[in-house]
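This report concerns only the one structure given below.
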Amino acid sequence: MDDANMCIATSISLLMILICAMATYGAYKQHAAWIIPFFCYQIFDFALNSLVAVSVLVYPNTIQDYLRQLPSNFPYKEEILSVNPTCLVVIILFFISVILAFKAYLISCVWNCYRYINNRNSSDVLVYVTTNDTTVLLPHYDDNVAGAAKEPPPPYVSA
């Protein structure tokens, strides 16, 4: 690996660490805007993996070509090449779909965290106060009993 590729890999790694740290900080401090970059990264990653699945489905012969290009000391290379190409495509698509389902679940987790923080900071959400100070929460008994007497209900009229 040359210096340019090493520099690019290092900068991408540092950027990913920064994005993950921002998401963690945003979730901890309840700042929804800090979660958005991580959510966008997850959507981008899901889209790229979906394109991989589509390319495997559309061009199944590329898997065999890729396997032939692997180094000769790659473990189980001959055994994988001896598998039926259609079966190999089905196995690879199964694993990619499991990975995509897991990524979709993680995306929904991050989205639910974002919505929770957004709604928590919103004034539309009811906040329940739980305290042992009942004098603040409940009206006095004397005020309720001494209130105006209730009128009797109207008389029942048959139809």
Side-chain angles (χ1 to χ4, degrees), residues 1-139 159:
M1 185 179 270
D2 58 348
D3 289 339
N5 288 338
M6 185 62 80
C7 183
I8 291 171
T10 303
S11 61
I12 289 174
S13 298
L14 290 175
L15 182 66
M16 289 307 306
I17 290 171
L18 177 68
I19 288 174
C20 292
M22 285 174 59
T24 305
Y25 177 79
Y28 179 71
K29 291 290 186 177
Q30 307 265 326
H31 297 297
W34 289 70
I35 299 174
I36 294 296
F38 184 73
F39 181 73
C40 292
Y41 160 72
Q42 281 187 315
I43 295 294
F44 181 72
D45 185 47
F46 185 82
L48 286 181
N49 283 313
S50 299
L51 288 176
V52 168
V54 169
S55 70
V56 166
L57 191 60
V58 173
Y59 301 110
N61 294 335
T62 57
I63 296 172
Q64 295 290 332
D65 295 338
Y66 175 74
L67 289 173
R68 286 188 198 97
Q69 293 175 2
L70 291 174
S72 59
N73 61 354
F74 190 81
Y76 305 110
K77 178 181 176 182
E78 290 79 22
E79 289 83 359
I80 296 172
L81 280 171
S82 66
V83 174
N84 185 2
T86 306
C87 184
L88 188 62
V89 167
V90 169
I91 291 170
I92 290 175
L93 282 176
F94 173 74
F95 281 114
I96 290 175
S97 63
V98 167
I99 290 170
L100 284 175
F102 183 67
K103 287 183 183 222
Y105 170 72
L106 293 177
I107 288 171
S108 71
C109 289
V110 172
W111 179 249
N112 286 336
C113 178
Y114 172 77
R115 276 193 353 208
Y116 173 77
I117 292 172
N118 242 4
N119 290 339
R120 185 179 170 104
N121 295 336
S122 172
S123 62
D124 298 339
V125 176
L126 294 176
V127 177
Y128 295 103
V129 178
T130 57
T131 179
N132 290 333
D133 190 10
T134 57
T135 59
V136 175
L137 297 177
L138 300 174

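Along the sequence shown, residues carry numbers from 1. Quick caveat, the model's predicted, so the values are computed rather than measured.
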Exercise. Evaluate whether atom OH of Tyr41 has more than 12 neighbouring non-hydrogen atoms of other residues, nucleotides or ligands under 6.0 angstrom away.
Key: no
Self-check item: Pairwise distance CD1(Ile35) to CG(Asn118) - rounded to 0.5 angstrom
Solution: 9.0 Å
Exercise. Output all residues satisfying side-chain hydrogen bond (donor to acceptor under 3.5 Å, both in side chains) with Asp65, sequence neighbours left out; order by chain, then residue number.
Key: Arg68
Exercise. Output, in order, the C-alpha distance, side-chain angles, deciding distance and verdict of side chain to side chain contact (heavy atoms under 4.5 Å, CB included) for Leu70 and Ile80.
Key: CA-CA 11 Å; Leu70 291 174; Ile80 296 172; over 6 Å; no
Quiz item: Once you round to the nearest 0.5 Å, how far does SG of Cys20 lie from CG of Leu15?
Solution: 9.5 Å
Self-check item: Atom pair CD1 (Ile19) and CH2 (Trp34), whose distance is rounded to the nearest 0.5 Å
Solution: 12.5 Å
Quiz item: What's the spacing between Glu78 CD and Leu81 CG if we round to 0.5 Å?
Solution: 7.0 Å
Quiz item: Atom NZ of Lys77 and atom OG of Ser82: how far apart are they, to the nearest 0.5 Å?
Solution: 12.5 Å
Quiz item: How long is the span from the CZ atom in Phe102 to the CG atom in Asn49, to the nearest 0.5 Å?
Solution: 12.5 Å
Got a list of side-chain donor-acceptor pairs under 3.5 Å for residues 50-61, not counting sequence neighbours?
from  : atom 1 : to    : atom 2 : distance (Å)
Ser50 : OG     : Phe46 : O      : 2.8
Ser55 : OG     : Leu51 : O      : 3.4
Ser55 : OG     : Val52 : O      : 2.8

Quiz item: What is the minimum heavy-atom distance between Phe38 and Ala23, and which atoms define it?
Solution: CB-CB, 3.5 Å
Quiz prompt | Enclosure of Asp3 CG (heavy-atom neighbours >12, cutoff 6.0 Å) | solution = no
Quiz item: What heavy-atom pair brings Val83 and Gln64 nearest, and what distance separates the two atoms?
Solution: O-NE2, 4.2 Å
Quiz prompt | Criterion side chain to side chain contact (heavy atoms under 4.5 Å, CB included) on Ile117 and His31, from CA distance to verdict | solution = CA-CA 7 Å; Ile117 292 172; His31 297 297; 6.0 Å; no
Exercise. Return yes if some donor-acceptor pair links the side-chain N/O of Lys103 with the main-chain N/O of Asp45 below 3.5 Å, else return no.
Key: no
Practice problem: Would you mind telling me which of Val98, Ile92, Ile91, Ile96 makes a side chain to side chain contact (heavy atoms under 4.5 Å, CB included) with Phe94? | Solution: Val98
